[in-house]
There are 2 protein chains.
Amino acid sequence: MADAAPRRIPDATVARLPVYLRSLVEMAEANTSTVSSERLADLAGVNAAQVRKDLSYLGSYGTRGVGYDVEFLLFQIRRELGLTQDWPVAIVGIGNLGHALANYRGFSTRGFHIVALFDADPAKVGEKLAGLTVRPLTDLPLVAASDGIAMGIIATPAASAQEVADVLVEAGVTSILNFAPAVLTVPASVSMRKVDLSIELQILSFYQQRRSGEVAGSVAAVDDEMSA
Amino acid sequence: MADAAPRRIPDATVARLPVYLRSLVEMAEANTSTVSSERLADLAGVNAAQVRKDLSYLGSYGTRGVGYDVEFLLFQIRRELGLTQDWPVAIVGIGNLGHALANYRGFSTRGFHIVALFDADPAKVGEKLAGLTVRPLTDLPLVAASDGIAMGIIATPAASAQEVADVLVEAGVTSILNFAPAVLTVPASVSMRKVDLSIELQILSFYQQRRSGEVAGSVAAVDDEMSA
DNA sequence: GTTTGTGAACCACTTCACAGCC
DNA sequence: GGCTGTGAAGTGGTTCACAAAC
């Protein structure tokens, strides 16, 4: 037996790997061959010890006294994140946001290919967009199977989101990114992440109000704790 | 008096308050007058003890043996989050995403009013959208001052994001929501949150790959944590 | 000298469990 | 009996600080 360490990568580390990846891509494009944890931390906006600890979960890929080889690390992170393959992605809900997501360049440049668009509204079906034709939601099971869709993006109104999630799960999609402002329930075997645009503004509102409401006299130190 | 209490609300709690708020709005619309921590936890997708602890940071607003009054709690959370006032918001970068955000109904229904759109590209300036006309980025300082803009949304490409952030900060905007895939630096007195669409997919990719590669036997539950 | 890799200390958040109040 | 509010215990994540490796 030799399959090495039983490395369990913390969720928090997983969430930062894409950020390191982005910085490393930039460095590679600038033909930088080596990077220290200090420099990478700087680019990623985190602490250097954090970078070292995070990377140590992947393996001992650095060289003491030198740093990390950019290309090598790039490959290792890509491999760890499962980005050495392309993922076919479906978007459900072709409203404002669905349109923007379908046209978003950032997905394809990072290995995520939008291969199908769905909407339950017959008025939207047939529309051509980003090189694809919007299909009826009822086609999803068939298309998911034939195109091997593993990831789905929900961009519908809140009211239909759970229903769509159910359809996705039923069709075998095991990763879901939810933009609808609703709490969705999926089996534990399915990963789900959510992005709620108005919640982000509401959180900002809290800190904004706290700042504005602060009377000059009281409490000197305004140490603001917001991560970046 | 009786207000007092040096309550410091944890960031994690602040991030959940909007979720509770959403559930409470739904309950109010359904004319439910009281809610238990158990029920609210269910709707918000969290643990009941979590709900109670979170709400306890706002004050003792529940009644033992009964639960929380929906309308009262609704008001308290709104007040805490600073949502009893409307916030004027500016969007910078009117591409795909900027368009979608400008038209997004979810903002206005929650007290965030998009009052100005900016783009550095002269070709975009003058375009009419969501009842507004896209203005040159150079107008931002003036408009920010006259319209009292406190919140800015960055929806530009990564390359111009830092520059835009600087302009926003210089114009006195103290809350920024960044959609550009870049790490931005702002003074500690400014709150910034980021939403990176492709990072979300990359995180999903990690768990997806882990699952696919997994030989039947172990289980891995995935939950999301706080974004930053 | 430089920089990694990592135990240990620290800190924040979550969950438990139960006393206190209705 | 039911449900909140909260100390205390538990968990996960971050930062420190330094020995090991170059």
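What you are looking at is a predicted structure, and each value in this text was computed from that prediction instead of being measured. A note on names: the letters A, B, ... follow the listed sequences, proteins ahead of strands, and every chain is numbered from 1.
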**Student:** Between B:K53 (NZ) and C:dT15 (P), how many Å, whole number?
**Tutor:**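 It works out to 12 Å between those atoms.
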**Student:** Locate the shortest heavy-atom distance separating B:S198 from A:F112; write the atom from each residue and the value.
**Tutor:**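 Taking B:S198 first and A:F112 second, the nearest heavy atoms are O-CE1, 4.3 Å.
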**Student:** Run the side-chain contact (heavy atoms from CB on, under 4.5 Å) test on A:I9 and B:F206 for me, step by step, so that the C-alpha distance in whole Å, both residues' side-chain angles and the decisive distance to 0.1 Å come before the verdict.
**Tutor:** CA-CA 10 Å; A:I9 305 184; B:F206 173 87; 4.1 Å; yes
**Student:** Provide the start and end nucleotides, 5' to 3', of the part of DNA chain D that has atoms under 4.0 Å from heavy atoms of chain A.
**Tutor:**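 Endpoints of the contacted stretch of DNA chain D: D:dG13 to D:dC22.
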**Student:** So do B:N178 and B:V195 actually touch side chain to side chain, heavy atoms under 4.5 Å?
**Tutor:**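 Heavy-atom side-chain distance check fails, nothing below 4.5 Å.
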**Student:** Out of A:V164, A:L177, A:V167, which residue meets the side chain to side chain contact (heavy atoms under 4.5 Å, CB included) rule with A:I154?
**Tutor:**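 With A:I154 as partner, side chain to side chain contact (heavy atoms under 4.5 Å, CB included) holds for just one option, A:V164.
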**Student:** For a quick check of understanding: with a heavy-atom distance under 4.0 Å over all strands, which category does A:R39 fall into, base, sugar-phosphate or nothing?
**Tutor:**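 Nothing, no heavy atom under 4.0 Å.
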**Student:** Please tell me which of B:V35 and A:D54 maps to the more 5' nucleotide of DNA chain D, matching each residue to the nucleotide holding its nearest heavy atom.
**Tutor:**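 Residue closer to the 5' terminus by nearest nucleotide: B:V35.
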**Student:** Does the ring centre of B:Y61 sit less than 6.0 Å away from the ring centre of B:F72?
**Tutor:**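 Ring centroids of B:F72 and B:Y61 are less than 6.0 Å from each other.
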**Student:** From CG of B:D11 over to P of C:dC11, roughly how many Å is that when rounded to an integer?
**Tutor:**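 Distance, rounded to whole Å: 16 Å.
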**Student:** For the pair made of CD in A:E38 and P in C:dT2, what is the distance, rounded to whole Å?
**Tutor:**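 That distance rounds to 12 Å.
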**Student:** Do other residues, nucleotides or ligands put more than 12 heavy atoms under 6.0 Å from B:E163 CD?
**Tutor:**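 Incorrect, the count does not exceed 12.
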**Student:** Distance from B:D147 atom CG to B:H113 atom NE2, nearest 0.5 Å?
**Tutor:**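 The CG atom of B:D147 sits 13.5 Å away from the NE2 atom of B:H113.
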**Student:** Given atom CG of A:N47 and atom C1' of C:dC11, what is their separation to the nearest angstrom?
**Tutor:**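 Going from CG in A:N47 over to C1' in C:dC11 covers 14 Å.
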**Student:** If you restrict it to nitrogen or oxygen atoms, what contacts under 3.5 Å exist between nucleotides 18-20 of chain C and the protein, and what is each distance?
**Tutor:**
{"from": "C:dG20", "atom 1": "N3", "to": "B:R64", "atom 2": "NH1", "distance (Å)": "3.0"}

**Student:** Output the rounded distance in Å from OH (B:Y68) to P (C:dC21).
**Tutor:**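 After rounding, the gap between these two atoms is 16 Å.
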**Student:** Would you say A:R105 has more than 12 foreign heavy atoms packed within less than 6.0 Å of its CZ?
**Tutor:**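 For A:R105, atom CZ is not crowded (no more than 12 foreign heavy atoms under 6.0 Å).
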**Student:** Go nucleotide by nucleotide along DNA chain D from the 5' end; which of A:P10 and A:A49 gets its closest nucleotide reached first?
**Tutor:**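 In this pair, the answer is A:P10.
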**Student:** Classify A:Y61 by what it touches in the nucleic acid, base, sugar-phosphate, or nothing, heavy-atom distance under 4.0 Å.
**Tutor:**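 Here A:Y61 touches the backbone only, sparing every base.
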**Student:** Verify side-chain contact (heavy atoms from CB on, under 4.5 Å) between A:Y20 and A:V51, making sure each step is shown before the conclusion.
**Tutor:** CA-CA 8 Å; A:Y20 300 149; A:V51 170; 3.8 Å; yes
**Student:** Check the distance between C:dG5's P and A:Q50's CD and give it to me in whole angstrom.
**Tutor:**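 These atoms are roughly 15 Å apart.
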